[in-house]
Amino acid sequence: MLDLRKVKKELEPIIERLSLRGGDFRYLREIITLDQERRDIIVHLEQLKAAKNETSKKIGLYKREGKDVRPILESIESDKEKISSLDQRLKSIDSTIDEMLLNTPNIPHQEIPVGKDESENIVIKKVGDLPTFDFEPKPHYEIGVNLGLFDFERATKIASSRFVVYKGLGARLERALISFMMDLHTEKHGYKELLLPYIVNQDSMTATGQLPKFAEDAFKLIDDRHLYLNPTAEVPAINMHRNEIIPLEELPIHYSAFTTAFRQEAGSAGRDTRGIIRLHQFNKVELIKFTTPDDSYKALDAMLADSEAVLKALKLPYQVIELCSGDLGFSMAKTYDIEVYIPSQQGYREIGSISNAEDYQARRGNIKFKRARDAKPEYVHTLNGSGLAVGRTVVAILENYQQKDGTIVVPEVLRPYMNTDKIK
RNA sequence: GGAGUAGUACUCAAGAGGCUGAAGAGGUGCCCCUGCUAAGGGCAUAGGUCGGGGAACCGGCGCGAGGGUUCAAAUCCCUCCUACUCCGCCA
């Protein structure tokens, strides 16, 4: 959520920066008018309430002294109505302002590239050598089905399309990757391991920015508690500290969490229909940080390096891109995507995303810290990154490590987890 | 799922319509005392948030959350949430 005070102070520059995302944000001008009305009401309302409090006290006194309170009671009768109607008006203004702010995305960081969509993202580095094949490399779904690693038909029988059953060494590979990634981040990169709920409530979804605007992307439970299936570990992990003031000495907080993520993939009909690139359910290892505002961009770069370390260890070629303003996620000020090389597509596919939300989620979730014992609380910055999407890592391994005979060489770092050096 | 009990500040806890923005204790901070430590004494300690004001400061909200009754609610009523106890069920 944007800071209302800041919006008021820098209205036009903010509208201009937001519009770099695409879309019209001139509606924010209305906030200024609404806010002025809101303040006027508050001033008036508080005067009335203060007077009413005085009067009530007086009534108490009079009663104890046995005096007649009827005249006083009559004198405040009209204020009562004024107060309740002003209260109502205030509530309605507050909720209008709130709704506007909740539906307004984060302001893109000053230095990110300006562009209208993903075609204007900028490749900032390429790492690793592309594999060479003396045969036609197969797509992962063919390899996986041939080796008996995936079963799409039965997954559809069990659930629906866009699900998969992993079998045998396929299931083992997925599990091995989860363990490998979690071990790397917790033991080498200093993150604290979390195992989180896979169901989150409406407040959590709102704090991180999935709601109210992107309700159609989430799986909502049919239940009057307004619960959702976890769409990404970012949601439960950031909400660990919702409505908290984190002691300064606990910052920065680094969490790593494996979760299963659930997405409706609304609007993706027809895209990536084959294979395990885009499923309703997938596994992901996530990195989450809470930092002071001063440290968040350093922390972002460090997180990117932690993410990259997974691909480096697996010896998979990848590129890092910086998202342009038009491709930026709703809650984020700046985002790097990591894209892994997919031989069958002769191109790169997103396998991870590392973002700084600055104070946007912290404000929605009321997550603060204090610089000193008697200092005013300030919002923390929140960051999240993939470390990595596990299913897509499976895709990358199958395709990049495929052999002419149809088998897969297991990347060295995974062998202790796989108990084999070959999938055949 | 049934039946019950409870949620008050950093912690424990009193409070049962107005004199309570909240007794008391612990903790914490500052000071005194003591050669150091322990013990003792004094003072302070509702955070947070919204609004007014140049500021000092003033005011609104706030006793799990949200509604309601009342001139007035921590205190009465309703709904919800959470924790605990008992019963049932269950990995």
Side-chain angles (χ1 to χ4, degrees), chain A residues 1-9 31-102 195-207 211-212 221-228 236 239-251 260 359 361-380:
Chain A
M1 190 147 67
L2 301 186
D3 180 1
L4 179 56
R5 268 178 271 246
K6 196 172 154 187
V7 172
K8 272 157 48 184
K9 221 167 14 178
I31 283 192
I32 308 294
T33 326
L34 283 169
D35 182 66
Q36 191 52 55
E37 189 185 350
R38 173 176 171 271
R39 287 150 175 276
D40 293 346
I41 288 173
I42 286 173
V43 170
H44 191 185
L45 191 58
E46 289 189 352
Q47 275 171 4
L48 289 172
K49 282 187 177 174
K52 194 189 76 174
N53 288 345
E54 279 297 306
T55 310
S56 292
K57 258 189 197 154
K58 208 159 43 167
I59 291 173
L61 270 166
Y62 275 37
K63 281 211 162 164
R64 250 169 285 135
E65 292 167 5
K67 291 189 198 161
D68 184 15
V69 296
R70 226 136 22 137
I72 311 181
L73 285 180
E74 278 160 26
S75 73
I76 49 177
E77 199 53 40
S78 66
D79 285 357
K80 244 184 105 180
E81 274 167 47
K82 263 191 238 165
I83 286 175
S84 94
S85 90
L86 283 176
D87 249 336
Q88 232 171 332
R89 177 66 188 145
L90 182 63
K91 260 188 203 168
S92 126
I93 291 176
D94 275 344
S95 75
T96 306
I97 292 176
D98 233 44
E99 196 192 331
M100 279 182 173
L101 289 176
L102 284 174
L195 194 56
L196 295 155
Y198 287 8
I199 289 176
V200 295
N201 60 33
Q202 192 171 39
D203 288 344
S204 295
M205 292 284 278
T206 304
L211 294 179
L221 302 192
I222 299 176
D223 183 294
D224 51 15
R225 285 175 295 184
H226 302 289
L227 298 172
Y228 296 80
N239 279 283
M240 285 273 293
H241 297 288
R242 190 174 76 245
N243 293 329
E244 287 185 17
I245 296 175
I246 302 169
L248 182 64
E249 61 272 17
E250 285 176 29
L251 291 175
T260 301
D359 65 2
Q361 293 177 324
R363 184 170 275 109
R364 291 168 82 106
N366 188 30
I367 308 170
K368 298 184 169 179
F369 77 103
K370 280 203 270 194
R371 289 185 195 274
R373 220 171 97 89
D374 51 358
K376 210 172 120 79
E378 296 172 57
Y379 291 106
V380 298

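None of the values given here were measured: they were computed from a predicted structure. A, B, ... follow the sequence lines: proteins, then strands. Residue 1 opens every chain.
- Nucleotides of RNA chain B nearest to Arg225(A) and Ala50(A) differ in position, and the one nearer the 5' end is that of Ala50(A).
- When the side-chain nitrogen and oxygen atoms of Lys52(A) are compared with OP1 and OP2 of rA72(B), one or more of them lie within a distance under 4.0 Å.
- Atom P of nucleotide rC80(B) and atom NE2 of His226(A) are separated by 13 Å, given to the nearest angstrom.
- When rounded to the nearest whole Å, the span between NZ of Lys57(A) and C1' of rG17(B) equals 16 Å.
- Rounded to a whole Å, the OH atom of Tyr62(A) is 17 Å from the P atom of rC19(B).
- Between Lys376(A) and rG48(B) there is no side-chain N or O to OP1 or OP2 distance below 4.0 Å.
- For rC90(B), there is no paired nucleotide, since no Watson-Crick or G-U wobble pair has both relevant distances below 3.5 Å.
- Rounded to whole angstrom, the span from the CG atom of Asn243(A) across to the P atom of rC81(B) amounts to 18 Å.
- Note that CG of Asp35(A) and CD1 of Ile42(A) are 8.0 Å apart. Values are rounded to the nearest 0.5 Å.
- Both distances falling under 3.5 Å, in either a Watson-Crick or a G-U wobble arrangement, occur for no nucleotide opposite rA74(B).
- Base-pair partner of rU20(B): not found among the strands shown (Watson-Crick or G-U wobble, both distances under 3.5 Å).
- Ranking rG48(B), rG59(B), rC71(B) by closeness to the Ile59(A) side chain, first place goes to rC71(B).
- Using a 4.0 Å heavy-atom criterion, one finds that Lys58(A) contacts no nucleic acid atom at all.
- When both distances must be under 3.5 Å, the Watson-Crick or G-U wobble mate of rC43(B) is rG29(B).
- At rG60(B), one or more side-chain N or O atoms of Asn53(A) fall inside 4.0 Å of OP1 or OP2 (strictly under the cut-off).
- Of the nucleotides present, rC61(B) is the one that pairs with rG48(B) by Watson-Crick or G-U wobble criteria, both distances under 3.5 Å.
- Look at Lys370(A) and you'll find a side-chain N or O under 4.0 angstrom from OP1 or OP2 of rG48(B).
- The two residues Val380(A) and Phe369(A) have their closest heavy-atom pair at CG1-CD2, 3.7 Å.
- When the side-chain nitrogen and oxygen atoms of Arg39(A) are compared with OP1 and OP2 of rG53(B), none of them lie within a distance under 4.0 Å.
- For Pro377(A), taking side-chain heavy atoms from C-beta onward, the closest of the listed nucleotides rG51(B), rU49(B), rC61(B) is rU49(B).
- rU34(B) is unpaired under the Watson-Crick or G-U wobble criterion, no partner having all donor-acceptor distances under 3.5 Å.
- Across every strand in view, rU5(B) sits in a pair with rA83(B) that passes the Watson-Crick or G-U test at under 3.5 angstrom.
- Comparing Lys91(A) and Arg5(A), the nucleotide of RNA chain B nearest to each residue sits closer to the 5' end for Arg5(A).
- Protein atom CD of Glu244(A) is 19 Å distant from nucleotide atom P of rG64(B), rounded to whole Å.
- Atoms CD (Glu54(A)) and P (rG59(B)) sit 9 Å apart, rounded to a whole Å.
- Arg371(A) has a carboxylate O that lies under 4.0 Å from a charged side-chain N of Glu378(A), or vice versa, which qualifies the two as a salt bridge.
- One can place CD1 of Ile246(A) at 21 Å from P of rG47(B), the figure rounded to the nearest angstrom.
- Atoms CD1 and NZ, on Ile246(A) and Lys370(A) in that order, are 13.0 Å from each other to the nearest 0.5 Å.
- No more than 12 heavy atoms of other residues, nucleotides or ligands shown are found within 6.0 angstrom of CD on Glu99(A).
- Using a 4.0 Å cut-off between charged side-chain N and carboxylate O, Lys9(A) and Asp3(A) make no salt bridge.
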